[in-house]
Structure formats: C-alpha cells, structure tokens
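Let me begin by presenting the structure, written as structure tokens, before commenting on it.
What you see below is based on every heavy atom in this structure, not just the backbone, and it leaves out hydrogens, waters and symmetry mates. To find a chain, count down the sequence lines: A is the first, B the second, and so on, and within it residues start at 1.
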Protein chains: 2
Amino acid sequence: MPSKMQKPVLLVALGGNALIRKGQKGTLSEQFENLAVPVRQIARLSPLYKIIITHGNAPQVGSLLLQQESCPAVPKLPLEILVAQTQGWLGYMIESTLDSSLMELGVPSHPLVSLISYVVVDPTDPAFSAPTKPIGPVYRRKKDAPPGYPLVKTPKGYRRSVVSPRPVTIVEKREIRRLIGEDFIVICCGGGGIPVIREGRAFSGVDAVIDKDLASAKLAEEVGVDIFVIATDVPGAALDYGSERERFLKTVSPERAKRYLATGHFPDGSMGPKVEACIQFLKTGGKRAVITSVDAIEKGLEGSAGTQILPSIP
Amino acid sequence: MPSKMQKPVLLVALGGNALIRKGQKGTLSEQFENLAVPVRQIARLSPLYKIIITHGNAPQVGSLLLQQESCPAVPKLPLEILVAQTQGWLGYMIESTLDSSLMELGVPSHPLVSLISYVVVDPTDPAFSAPTKPIGPVYRRKKDAPPGYPLVKTPKGYRRSVVSPRPVTIVEKREIRRLIGEDFIVICCGGGGIPVIREGRAFSGVDAVIDKDLASAKLAEEVGVDIFVIATDVPGAALDYGSERERFLKTVSPERAKRYLATGHFPDGSMGPKVEACIQFLKTGGKRAVITSVDAIEKGLEGSAGTQILPSIP
C-alpha cells in the first residue's frame with residue numbers, strides 16, 4: 001500500500017439518480033438502500049485513496065420545485081436555495097451511509113465532513129438566455145408534465161429544464177484542498193454547487209443549477225485530483241446510445257471523445273456534460289477519468305467496467 | 001490581542017427567527033438582510049475568537065413541512081431530512097453572508113466551512129411520547145393553524161409542535177474540534193442537528209427536531225467552548241416575561257437561573273431551553289453564557305446588553 005503522502009486523490013461524482021432507480025417511487029428507505037451500493041464501494045476504497053465525493057441533485061431539486069409550487073402559503077425561493085437544501089439532504093444521506101459502511105467494514109475511520117459549497121458563475125454566461133438542464137421527474141409524454149414550464153427531451157423522456165451556467169470557481173477550494181491534505185474524506189459541490197455571482201465584495205445567488213460533472217471537473221482542477229470517476233445509471237459512454245447500433249466505449253482518448261461529442265453521440269444534459277467534464281479533467285492535469293455505473297465503481301477503477309478516458313500516448 | 005493559540009473559543013447560536021422578523025413575509029431578500037445584522041458582528045469578532053456558529057430552523061422546517069404536505073405528487077420525507085435541508089439552506093445563507101462581511105471589512109480571511117451535522121439521540125428518550133417543540137408559523141388563534149397536527153401555545157401564539165429528544169452526542173465532534181484547532185470558522189449543528197439513533201454499527205435518522213440551544217451546549221461541552229452566546233429575538237431572559245411585572249435579568253448565576261426555570265419563569269420551547277442550555281454549558285466547563293438579541297451580540301459580549309449567566313463566586 002502506498003504511504004499516506006503518496007495516496008492518489010480520487011473524486012467520485014454520484015448521479016442524483018443513484019438514489020432513485022427506474023420504476024421506484026423514491027421513498028426514503030429506497031434511497032438509502034440504493035445509496036449504499038456506491039457508498040460501500042467508496043468505503044472499501046478509502047484506505048487506498050484520498051477521497052472527495054460530489055453528487056447530483058436533479059431528481060431532488062425537481063421535487064422541491066414541485067413542492068414549493070404546490071404551496072402558495074410559503075414564499076417561493078429561487079433555485080440557489082433549493083440546491084442548498086439538496087446539499088443538506090443528500091450530504092447527510094451520503095455522509096451517514098458512508099459512516100455506517102466504514103463502521104461495518106471496521107476501516108480505520110478518517111475524519112469525514114460534508115460541506116456546503118457554492119460555486120461562482122459568470123453573469124454574462126450565454127446559458128442565462130435559455131434553460132437546458134433537465135431536472136425533476138421524467139415524463140413519458142409532454143402533456144404529463146406540469147404546465148407552464150420549459151421542457152427538454154432527454155433519452156428517457158421529457159423533463160423540466162432550467163438555466164445552467166458553467167462553473168468558474170469553487171468558493172471553498174482552499175478549504176477542500178486543506179482538508180484533503182489532512183486526509184479528511186470530503187463530500188462537497190452537491191448538485192454542482194450553489195450558483196453565485198460575485199459582485200464587488202459580495203456573493204449573491206442566482207436562480208440556476210450548475211451541472212455537477214462540470215463542477216466536479218472544475219473542483220478537480222482547483223484541488224488537484226488524480227482520478228475522476230463519474231458513477232451514473234448506465235454502464236459507460238456509448239456511441240449511438242439507445243439505438244440498435246449502440247456500443248459502449250471501453251477506452252477513449254480525450255481527442256476522440258471530443259470528436260464524438262461534436263458529432264452528437266452524447267446527448268446534452270445527459271452523457272454530453274459527463275464526457276465534456278472528463279475531457280476538461282484530463283486537459284487540466286487529471287490522470288484518468290472513468291464513466292461507470294454506480295454498482296461498478298471498483299470495477300471501473302480496475303479497468304474492468306465502464307469507459308476509461310485516458311490521455312493519448314504522445 | 002492574544003496570540004493565535006490563546007484565542008478563546010466563542011460559540012454563537014443564531015435563532016431560526018433571526019432570519020424572519022415579526023410582520024415580515026420571509027422573502028429571501030428580507031432573510032439575507034436580517035441575517036447580515038448578527039453576521040457582521042461575528043465578522044468583526046472573528047480576529048479575536050475562534051468561532052463556531054450554530055443556528056435554529058424552526059420557521060424554515062415548518063415551511064418545508066407545509067410545502068411537502070401540499071404536494072401529494074412527491075413522497076413525504078421525515079423531519080430528519082427536512083432538518084438536513086435547512087442545514088443546507090441556512091448554512092449557505094450564513095456562510096455566504098459571513099464571506100461577504102469578511103470581504104467588506106477586509107478582515108484577513110479564515111478558512112470557513114459549513115458542515116452537515118447529525119446528532120445522536122436516545123431512542124428511549126421520553127420526548128418520543130409527546131410533541132413539545134414549536135416549529136413553523138405562529139398562529140394567533142388555534143383555528144388559523146392547518147388541521148390535523150398537534151399545537152403548542154407559545155408566548156406569541158399557537159404553533160405546530162413536534163417531538164424533540166435531547167442531544168446525546170454530536171457525531172462530527174472530532175472533525176469540528178480539529179477544524180477549530182486549525183482556526184477554521186465552523187458553521188454546524190444547524191437546527192439542532194439531524195437527529196439519528198445509533199443501532200449497532202449504523203446510524204438511522206428519526207422523525208424529530210432537536211433543540212438547537214441544547215445541541216449547542218452539548219457541542220460546546222464536546223469541543224471545548226469558552227463563551228456561549230445565544231442570539232435571539234428578545235433582549236435577554238426575563239422574569240414574568242410578557243406580563244406587567246416583566247424584568248430582564250442582567251446577570252444571573254446558574255443556581256438562581258435553575259430556580260427561576262423550576263418556578264416557570266422561562267416558557268418551554270422558548271426561553272426555557274435557552275436558559276437550560278446556558279446552565280448545562282456552565283456545568284460542563286463553560287466560562288460565560290450570554291442570552292442577547294441578534295443585534296446586540298457585541299454588546300452582549302462586552303456585558304452591556306443581554307443576560308449574562310456567570311458561574312457564582314465560590
């Protein structure tokens with residue numbers, strides 16, 4: 001085993017739908033059960049790596065939006081606050097599940113924290129002119145969705161869409177870097193981070209949701225991550241996804257992935273930002289990125305599952 | 001100024017109603033504005049103390065309950081998750097307001113984190129047999145409240161009440177101790193912490209809300225806090241509160257405070273747990289506790305406002 005100082009830094013980004021599986025209603029016990037699948041693997045990996053966990057929140061932030069729209073008695077809050085709420089919600093679920101898994105395994109326990117994180121975005125980002133990020137439940141037909149909101153078509157069906165600017169910098173990067181340096185396991189950047197803009201000497205939130213994979217790649221760059229794993233609900237990145245010609249990629253260079261991205265193989269708001277985040281990660285100093293399913297994180301790291309995005313041999 | 005190592009540890013517990021003032025609807029800009037009042041004072045104090053901030057969540061957790069009850073389309077979640085949501089929500093608001101205040105003042109910036117915290121409670125706590133903790137909006141008359149839920153009468157009116165067990169231990173105490181030792185400003189134990197019970201080698205959440213002042217006193221004991229300030233919406237602890245004979249206490253010993261508590265001067269679910277938390281704090285090694293209004297934290301520390309709970313001279 002490598003010495004403490006040499007342990008590589010591993011960032012695992014969990015999909016917001018790691019908690020709610022297809023066909024489930026999303027009760028709390030279902031969510032905890034689903035979550036244990038990736039988290040137990042992370043617990044087993046914890047002696048070998050310095051670990052950062054990020055997570056999505058698309059289903060959860062969608063639920064909170066529906067709830068607040070159903071309740072005229074309570075003033076509505078912008079997405080920034082709902083994202084913050086999901087950081088508390090999922091941060092707690094991940095942390096307590098990991099705590100329990102570590103106790104179960106009897107792994108010498110690392111200090112473990114789940115941090116609120118906010119992420120600066122650019123107020124001139126063109127994303128503010130159109131909603132593109134799918135959140136909330138998936139509707140089979142357009143007319144099943146609640147009326148009055150923009151929808152986006154995803155491979156699984158229609159979903160409500162919101163504005164999604166690109167992450168510029170993670171406000172807590174210094175803190176996260178220091179905690180990782182001291183061997184804390186850190187859960188952060190939930191839901192892509194709470195989006196804020198910096199105006200002079202103050203931060204102020206914006207009504208948007210940042211893509212969690214792009215935020216994770218930015219965090220990886222700012223904190224110095226070696227290996228980036230995106231754990232999602234499909235086995236990896238595929239060409240012609242969902243068609244008869246669908247074939248999953250075992251390894252791909254960032255250059256080739258970029259070409260596939262440009263030719264539309266990876267849908268927006270779904271596999272697209274994941275592949276883009278991996279390309280970004282390798283461009284900014286990352287060593288290896290893996291897109292794999294939530295139940296194959298360890299196998300993905302071993303190279304026996306998922307899609308490996310590896311720098312091309314020069 | 002004392003050297004870094006000698007700085008006393010200050011814990012400031014902010015009331016959940018520090019964000020929503022009487023007569024306000026509770027819009028987000030109102031909440032940020034209200035919050036800046038205590039937070040600017042904390043920013044000014046930050047060069048002199050190692051700082052922990054805790055906060056309440058009674059109005060916010062009440063709003064989330066109302067919202068989820070209005071929306072049958074989304075599965076309802078237990079209070080543990082709603083508390084976690086308020087930790088994200090308020091943790092973000094406090095952290096970003098403090099960040100902005102520190103930038104404004106040009107104070108050399110400390111690392112600053114807002115942590116998800118969960119707190120172990122005892123499954124045999126008698127509190128589980130009856131709801132006593134008021135949350136959510138205040139209703140002038142019983143019939144103004146939504147039907148079907150237990151209500152409790154508070155000095156301000158009727159409020160919905162929930163089960164509130166006592167805090168046994170803060171799960172993240174080791175982490176918080178370490179962060180304070182390294183001069184981080186730590187926001188934690190929001191809403192009294194997410195209540196969990198420990199079953200063998202696992203934690204599991206319970207449908208309850210812990211009192212944030214009692215949780216803060218427990219945290220103070222476990223982390224080693226010197227001064228405990230409870231910042232609330234009244235100027236201090238009063239005898240015969242709300243009556244013609246009302247008189248605010250300037251200083252009081254824990255012994256005398258205990259007698260006043262026993263004779264009913266401090267209402268349950270309001271000033272009662274605050275005074276009890278201060279007594280607890282002094283009993284477990286704390287040096288000084290102050291109950292003061294959110295706009296008089298600095299004055300409370302100077303001794304020119306609020307109620308000082310001081311150990312009696314032996």
Please look at [X] and chain A and tell me whether the side chain, the backbone, both or neither of the residue comes under 4.5 angstrom of a heavy atom of that chain.
X	answer
B:Ile194	side chain
B:Tyr118	side chain
B:Val83	neither
B:Leu77	side chain

Roughly how far, to the nearest 0.5 Å, is the [atom2] atom of [Y] from the [atom1] atom of [X]?
X	Y	atom1	atom2	value
A:Leu179	B:Phe184	CG	CZ	4.5 Å
A:Arg201	B:Glu104	CZ	CD	8.5 Å
A:Glu95	B:Glu175	CD	CD	7.0 Å
A:Glu182	B:Glu182	CD	CD	4.0 Å
B:Gln85	A:Leu90	CD	CG	9.0 Å
B:Leu82	A:Trp89	CG	CH2	9.0 Å

As an exercise: rank [options] by heavy-atom pairs under 4.5 Å with chain A and give me the winner.
options	value
B:Glu80, B:Gln87, B:Glu69	B:Glu80
B:Thr27, B:Ile176, B:Thr86, B:Leu112	B:Leu112
B:Ser204, B:Ala84, B:Ser63	B:Ala84

Looking at A:Pro111, A:Pro75, A:Gly91, which one has more heavy-atom pairs under 4.5 Å with chain B than the rest?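 Of A:Pro111, A:Pro75, A:Gly91, A:Pro111 has the most heavy-atom pairs under 4.5 Å with chain B.
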Could you tell me which of A:Gln68, A:Arg178, A:Arg198, A:Glu172 has the largest number of non-hydrogen atom pairs under 4.5 Å with chain B?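 Going by pairs under 4.5 Å, I would pick A:Arg178.
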Single hit among B:Gln31, B:Met93, B:Gln60 for side-chain contact (heavy atoms from CB on, under 4.5 Å) with A:Ile81: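 Only one of B:Gln31, B:Met93, B:Gln60 forms a side-chain contact (heavy atoms from CB on, under 4.5 Å) with A:Ile81, namely B:Met93.
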Would you say the side chain of A:Leu28 lies within less than 4.5 Å of the side chain of B:Pro78, judging by non-hydrogen atoms?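 B:Pro78 reaches A:Leu28 side chain to side chain.
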A:Val113 vs B:Val113 side-chain heavy atoms within contact, under 4.5 Å: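 A side-chain contact under 4.5 Å is absent here.
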[X] versus [Y], closest heavy-atom pair with distance:
X	Y	answer
A:Gln67	B:Val74	NE2-CG1, 3.5 Å
A:Ala202	B:Ser100	CA-OG, 3.4 Å
B:Ile116	A:Gly88	CD1-CA, 3.5 Å

